[in-house]
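For reference, the structure is listed below as structure tokens.
Source: prediction; values computed, not measured.
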Amino acid sequence: MSELSTKYTPADIEDKWYAHWDKSGYFHNEPDDREPFSIVIPPPNVTGVLHMGHMLNNTIQDALTRKARLEGKNAIWIPGTDHASIATEAKVVRMLRERGIKKSDLTRDEFMAYAWEWKEKYGGIILQQLRKLGSSCDWERTAFTMDKGYSEDVIRTFVDLYNKGKLYRDYRMVNWDCEAKTVLSNEEVIHGEEQAALFHVKYFLEDENSPTGQGAEGVVIATQRPETIMADSAVAVHPKDPRYAHLAGKKVIVPLVNRAIPIIFDDYVDIDFGTGALKVTPAHDPNDYELGKKHGLEIIDLLNEDGTLNEKCGIASLVSVDRFDARRHMKKLLADAGNLVEIKDYKTSIGRSERTNTVVEPRMSLQWYVDMKALAAPALAAVETNDIDFYPKSFKNIYRSWMAEIRDWCISRQLWWGHRIPAYYYAPPAPEGGVAAVETFVAQTAEEALVLAQAKYPSVMAADLRQDEDVLDTWASSWLWPISTLNGFKNSEEFNYYYPTSVLVTGWDIIFLWVARMAMAGFEWKQERPFKAVYFTGMVRDKQRRKMSKSLGNSPDALKLIEDFGADGVRFGMLASSPAGGDLLFDEKLLEQGRNFCNKLWNALRLIKGWEVTETTQSDTERVAAAWFESKSNTVLAEIEENFTQFRLSEALMSLYNFIWDDFCSWYLEMIKPEYGKPIDRETLEITERILRKLMAMLHPFMPFITEEIWQQLDGKNTEGSDLCVGSYPKQTTIDAALVAKVEAAKDIISKIREVRNSKGLKPREPLVVKFQGSETVKSLMDRDGVKSLITKLGVLESFEMTDTDVENAVSFVSGTDKFFVVLNQTIDIEAEREKMTKELQHQQDFLKSVNAKLSNERFVANAKPEILANEQKKQADALARIAILEESLAKL
RNA sequence: GGUCUGUUAGCUCAGUUGGUUUAGAGCACCUGCCUUACAAGCAGGGGGUCGUAGGUUCGAAUCCUACACGGACCACCA
């Protein structure tokens, strides 16, 4: 029949159409007088590869963009990548190490050369992969956070914040990543419960009369980090703790290093925890640092930046030993010295670096901070008032609680790959007998900084200024993404047209790192929200709800999936699996369903293309079928529309899936299908082709490739500009509700005839005689000849006629409130029939009872809305009618 | 510790201001079919007292309270 293969093979078709769309410039737009629609991609790490999260995320963005494009909006989707400071630098460092090169042996410039080389080699792989998925990004607008213009914006905003007094530098306790040797913001530290050991260590009281300097009595403290013992400055107890009241004014000896430290009293100590005594280590714990400040304690920092101990630990064998190795050694050292009391198993929350997974150490250091309070206020208000709409709404709570208690943002990083902080330091000559404070000048360029410096110190030369060695946190550039990618700091035409963007689609895991900060940046520099809505996707997990991760090996290869199921199949699977917000359990079964759906569509096309055409006129059957289908498609269009406005994409897709598979393939095509080998009339064929093209347009946002292919196959012209990708989305027309109801009733009758066939073991193609007893309902159903002929055709009936009398030798069923008889040329199993009917009767009687309960309740009749009441009355009448039929039939058996 | 959120079919989830033929979908399952678009398919079927206990209401999966068990976020953790 047809030259088309029985199975759909996506590979060639997908590449062909993507290249064609791209070449035709369909994805690019410039401002004009149409309604704008814009999305900025959450920029993946420049050297990253496509993973499941990206697939989900970008499929959603593409579906939204394509829908807007079909609707005639001026749609752009801006792609790009993030330089991902710490993540990329870690990769480059690892690559260099494999080549035998240490970062510490390189100059900054040499390192940056390697990093750029790496970026050129691997950056952009992920953008190619996005094309495979069908992403209709405006590639002419591809951005990178370290592009020249973008970098200037990052520096500009730093200078601006500084000049507004919203930036400051401070020496405080930070989260330190010992592997990357940089500070981290609070948001980059991932806390998790871990098994640890709680060391109980006895600190002996100082006793000047004893030869060892310490007495027999002591205080037992509990610590999880015994390697910091040598940095202790005090032992603290609660002032009201009777166990320790007698120790006032006494000192204890720090184990191993034999240094005397005071016992201090502070109600910060929890009497009930452990022994009620706490070692105080101001350099290595934030709370201890506060205690130290309050009590004037010494700060002893015994950790190097790489997490090894330094000579301040006072034990030669531990110098240059990693903190965890040192912890193991401490066990023996403490035991040998007689200080170790016991070690208890202990579950506690440990913070690890998001990027290197190293245990984060609290460490004192000088860093740059953004004063967040003022920035947060308008961004919080925008979400509270739904000026920025969150889907799902529940994320408003999380956002609010974080924003309301926002802490200052540490934005300097001890890395090289990134935007170097534009702060220039000058140490003026020291006045006699004193030390001069270092002056800070913050400016866009070194030249401008020099001008500032010379205004204060005319003799300063360029060489006297020393630029800050650090770079900015990655997020201090990506928070400008919606502004900078549209050249917003230059007040471009495109910015004024496309900003604020229509929607942001991203995972909820970066709500603080990115979403909240973009909102703040939008208001800070543009006095306007960066996006009208945020759609938070779920997190892709495996079927056991585990996170997808490389180490678990449960993360499928995205490109392999596209190979196996086709991009459309994968897109279907990602979209169908789950609505916004929660976890998304990845199951290959769904991709299989998507692939099967493609095949179903393909075979519908094969069927239609295989028909010969005749010039005969359309019969009632086909006319009714087409009218019914067109009418029903409006209902589905409305449903999809409603679901799209709420970002319920999975529901939109599923209603379309069911509409196409069931209503179109299983019902409509069967209704109009000519007998085998017979031709179809031209009108019906044309209507059917039009319907299929309409369905393809509706499906295109979800599954762009196969829909384009089928669209083109049906068109057969392939004329320039006639592509579905830039076609138009179907408009809703009127719904003939009465007709839809009639055909749905006919479908019920057909299904029940098939059920009889099935239960009686009759052949599907064996023609049957069916009779019915007519009420007004069934007469009206038969009004349109087409409806009756549908039943005859799909029920495979020899005849379908009304009867006044009961029919012998027949199996009966009830549909609506009418009775139908399927005449059989075999003996009827009376007992089986009786049982079936009794069961049905019971069901109807129970139903009637529940309806009667309502209707006999005066207060229901008095209070319920009229349409509810009317409906209950109809339910009652219908139930009564059915019960009458069943009782009569039973009596006759 | 604070806040939020969930509990509906074997699994994953819908159920959108409380009422729409005594709860829906997909997958899985069962029965019968290689019927000439499609076995990646066709036709049909079974399966849930909506976590528990109260309450509000003419009416509750839907609103309220308590409890049980999950999950998440934030803060703290010697």
At less than 4.0 Å, is any side-chain N or O atom of Lys673(A) found next to OP1 or OP2 of A37(B)? Yes or no. yes
Please state whether the rings of Phe820(A) and Phe813(A) are parallel, tilted or perpendicular, taking 30° and 60° as the class boundaries. parallel
Taking Watson-Crick and G-U wobble contacts under 3.5 angstrom, with | marking pairs to another strand and [ ] crossing pairs, the secondary structure of RNA chain B is written (((((((..((((.....[....)))).(((((.......))))).....(((((..]....))))))))))))....
Between Ser349(A) and Thr6(A), the residue closer to the 5' end of RNA chain B by nearest nucleotide is Thr6(A)
What integer number of Å spans the C1' atoms of G55(B) and G18(B)? 15 Å
Is there a side-chain contact between Trp661(A) and the phosphate of A40(B), meaning an N or O under 4.0 Å from OP1 or OP2? no
Compile the donor-acceptor pairs under 3.5 Å between side chains in residues 586-593 of chain A and protein atoms, sequence neighbours left out, one pair per line.
from	atom 1	to	atom 2	distance (Å)
Asp587(A)	OD1	Lys589(A)	N	3.0
Gln593(A)	NE2	Tyr657(A)	OH	3.3

Salt bridge (Lys or Arg N to Asp or Glu O under 4.0 Å) pairs touching residues 748-757 of chain A, sequence neighbours excluded, are Asp748(A)-Lys752(A)
Aromatic rings Phe390(A) and Tyr399(A): how do their planes relate, parallel, tilted or perpendicular, breaks at 30° and 60°? perpendicular
Next on the checklist: Let's test your reading of the model: under 3.5 Å, does the base of U20(B) pair with the side chain of Lys875(A) as donor and acceptor?
Outcome noted: no
Sorted by number, residues from residues 751-758 of chain A placing a heavy atom under 4.0 Å from RNA chain B are Ser751(A), Arg754(A), Glu755(A), Asn758(A)
Could you list the protein-to-nucleotides 1-11 of chain B atom pairs, N/O on both sides, closer than 3.5 Å?
from	atom 1	to	atom 2	distance (Å)
C4(B)	O3'	Asn397(A)	ND2	3.1

Test for a donor-acceptor pair under 3.5 Å between the base of U21(B) and the side chain of Arg882(A), counting only N and O atoms.
yes
Atom pairs under 3.5 Å, N or O on each side, protein against nucleotides 26-28 of chain B: can you list them with distances?
from	atom 1	to	atom 2	distance (Å)
G26(B)	O3'	Gln593(A)	NE2	3.2
G26(B)	O2'	Gln593(A)	OE1	3.0
G26(B)	O2'	Gln593(A)	NE2	3.3

